[in-house]
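Only one structure is covered here, and it is reproduced in the block below.
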Amino acid sequence: MHLDVVSTGAELDPAAAVRLRRAAEAGSLVRVARGAFTDRQAWDAADARERHRALIRAVMPRDRRGLVLSHASAVAVHGLPWIGSFGDRVVVTDPDRDRGQVKASIQRVGGMGRTLATVSIDGLRVTSLAATAVDVAIREHPWRAIAVLDAALRRGVTRTELGAELEGRRLRNPRVVRALVRSADGDAESVGESITRWGAVVLGAPPLALQHEFRHEDGTVDRVDLWQPDLGVVIEFDGLVKYSDPGMQRGRAPHEIVVEEKRREDRLRRHRDVTGVGRVTWREAMPGGLLPRILLDAGLPLGDRWPAAWRAAALRAL
């Protein structure tokens, strides 16, 4: 969905500007930013990404020369996956500033001395996919960052490009940032797979491979989300959307999907290479969830200090 934004700028006659403000007061329009409005029904039907894109369209035309959309705002424009809110400010990198600045609808990140890799999207100057992914890895929550990094690699960004973007950058937590870049994998097909795999990294579990196929004697092929070949452990992310999204149901009732999933899991457990299967939901994969117990029960050992690592992850809010 595309939200049309109308501004009370200099090109709008005063009478029309008054009508816009009155419509906003009456509730038929929504104020996106100062002097910028959009239709209420369209706004209510839009998702968080398109609302943030509307905010960008409202804010950026106002003499923003030299500024580059970055961080969460670049994620929204690139269409990369994101966990949680995009925030109520447009985030830009300002090559003329050495430190940040926060105002009502815009947040500037200092970019002085940095060579910005940019692309043009819908007439907007935006950090490149690689630069966006690294920006997010440096400043955002690791669970958000791994999903963005995986998606960037899936779209063709190379690990070499990510490494080049890291060179010379000031890192608040270099160990975590470098671990994120090292752990990123373009084979991840969903945010759920990304965060489950990263949670396993934080917990010190053995490396998990993505998208492994098991062939059964009857010719059936089951592809699993995560696989630890040395230990024979399968980890599946159960996003639950398959039970409610008509596009994924393919004409099946929810109870039929449950039965199919049970049969699939039974096939996997019977496979000669499989010793254990664990199923993870969104809540369990998030920081502080029950992921450690699920991995242990499936047969994956965790690092010696996993309780402290998991508690530390839970302390940082998304």
Side-chain angles (χ1 to χ4, degrees), residues 81 83 133 137 141-154 158-159 162-163 166 173-216 221-239 261 264-316:
I83 298 174
H141 194 288
W143 264 251
R144 278 196 184 117
I146 195 63
V148 173
L149 287 161
D150 282 357
L153 290 176
R154 190 164 61 248
T158 67
R159 207 174 301 276
L162 295 178
L166 272 176
N173 193 336
R175 184 184 63 81
V176 172
V177 173
R178 296 190 187 283
L180 281 164
V181 172
R182 187 170 57 250
S183 302
D185 193 324
D187 285 338
E189 294 181 348
S190 71
V191 174
E193 292 175 12
S194 297
I195 63 174
T196 301
R197 198 181 73 259
W198 174 249
V201 171
V202 171
L203 291 166
L208 297 171
L210 286 153
Q211 317 307 337
H212 182 76
E213 288 188 347
F214 290 94
R215 298 185 179 275
H216 305 280
V221 178
D222 290 316
R223 188 172 67 161
V224 300
D225 297 332
L226 299 160
W227 164 241
Q228 216 304 311
D230 297 331
L231 299 171
V233 175
V234 169
I235 302 296
E236 293 274 69
F237 181 82
D238 195 350
E261 286 294 306
R264 179 177 182 274
E265 184 171 325
D266 289 343
R267 283 196 304 270
L268 290 169
R269 290 185 182 276
R270 289 194 299 268
H271 196 281
R272 62 181 180 276
D273 294 334
V274 176
T275 62
V277 177
R279 301 188 72 90
V280 181
T281 65
W282 187 269
R283 171 182 280 184
E284 292 156 349
M286 294 297 279
L290 294 177
L291 182 62
R293 175 49 51 197
I294 293 170
L295 298 185
L296 287 168
D297 287 347
L300 286 179
L302 305 182
D304 293 338
R305 302 184 64 185
W306 75 260
W310 202 237
R311 284 195 300 269
L315 290 176
R316 185 175 179 186

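- Taking CG of Leu210 as the start and OG of Ser190 as the end, the distance is 9.0 Å to the nearest 0.5 Å.
- Taking the six-membered ring for Trp and thresholds of 30 and 60 degrees, His212 and Trp227 have nearly parallel ring planes, at less than 30 degrees apart.
- Judged as a salt bridge (charged side-chain N to carboxylate O under 4.0 Å, His left out), and not counting sequence neighbours, Arg159 has no contacts.
- For Arg305, the CZ atom counts as loosely surrounded, since its 6.0 Å shell holds 12 or fewer non-hydrogen atoms of other residues, nucleotides or ligands.
- Considering only residues two or more places apart in sequence or on other chains, Arg182 meets the side chain to side chain donor-acceptor pair (under 3.5 Å) condition with none of them.
- Residues satisfying the side chain to side chain contact (heavy atoms under 4.5 Å, CB included) criterion with Ala309, sequence neighbours excluded, are Val202.
- Applying the salt bridge (charged side-chain N to carboxylate O under 4.0 Å, His left out) criterion to Glu236, with sequence neighbours excluded, gives Arg264.
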message = Checking Leu296 against Trp306 for the side chain to side chain contact (heavy atoms under 4.5 Å, CB included) test, could you report, in this order, the C-alpha distance in whole Å, the side-chain angles of both residues, the deciding distance, and whether it holds?
response = CA-CA 11 Å; Leu296 287 168; Trp306 75 260; 4.2 Å; yes

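- Taking both residues in full, the closest heavy atoms of Ala205 and Leu302 are given as CB-CD2, 3.9 Å, listed atom of the first, atom of the second, then distance.
- Residues passing the side chain to side chain contact (heavy atoms under 4.5 Å, CB included) test with Leu300, sequence neighbours excluded: Pro206, Leu208, Gln228, Leu231, Val233, Ile235, Leu295.
- For the side-chain contact (heavy atoms from CB on, under 4.5 Å) with Pro287, the qualifying choice from Arg316, Arg311, His141 is His141, the only one to do so.
- Listed for the Arg197 side chain is a donor-acceptor partner under 3.5 Å among the backbone atoms of Ser183.
- Between atom CD1 of residue Ile195 and atom CG of residue Asp150 there is a gap of 11.0 Å, rounded to the nearest 0.5 Å.
- Scanning both residues, Arg269 and Val277, for their nearest heavy atoms gives NH2-O, 3.3 Å.
- Applying the side chain to side chain donor-acceptor pair (under 3.5 Å) criterion to Arg293, with sequence neighbours excluded, gives Asp297.
- Judged purely by atom type and a 3.5 angstrom limit, Trp310 uses its side chain to pair as donor or acceptor with the backbone of Gly289.
- Minimum interatomic distance between Pro301 and Gly299 (heavy atoms only, all atoms of both residues): CD-O, 3.6 Å.
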Val280 vs Leu226, side chain to side chain contact (heavy atoms under 4.5 Å, CB included): CA-CA, chis, key distance, verdict = CA-CA 11 Å; Val280 181; Leu226 299 160; over 6 Å; no

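- Applying the salt bridge (Lys or Arg N to Asp or Glu O under 4.0 Å) test to every pair with at least one member in residues 183-193, sequence neighbours left out, gives these pairs: Glu189-Arg223.
- Taking Asp222 as the reference, His216, Arg267 meet the side chain to side chain donor-acceptor pair (under 3.5 Å) condition, with sequence neighbours excluded.
- Considering every non-hydrogen atom in both Ala184 and Leu149, the closest pair reads CB-CB, 3.7 Å.
- Asp304 meets the side chain to side chain donor-acceptor pair (under 3.5 Å) test with no other residue; sequence neighbours excluded.
- With sequence neighbours excluded, the residues satisfying salt bridge (charged side-chain N to carboxylate O under 4.0 Å, His left out) with Asp266 are Lys262.
- Minimum interatomic distance between Ala133 and Leu162 (heavy atoms only, all atoms of both residues): CB-CD2, 4.1 Å.
- Considering CZ of Arg175 and CG of Leu180, their distance stands at 10.0 Å, rounded to 0.5 Å.
- Residue Asp225 holds its CG atom at 8.5 Å from CZ of Phe237, rounded to the nearest 0.5 Å.
- For Arg215, the side chain to side chain contact (heavy atoms under 4.5 Å, CB included) partners at least two apart in sequence or on another chain are Glu213, Val221.
- Using modelled atom types, no side-chain atom of Trp143 and backbone atom of Ala313 make a donor-acceptor pair closer than 3.5 Å.
- For Ala151, the side chain to side chain contact (heavy atoms under 4.5 Å, CB included) test picks out Leu80, Pro81, Arg154, with sequence neighbours left out.
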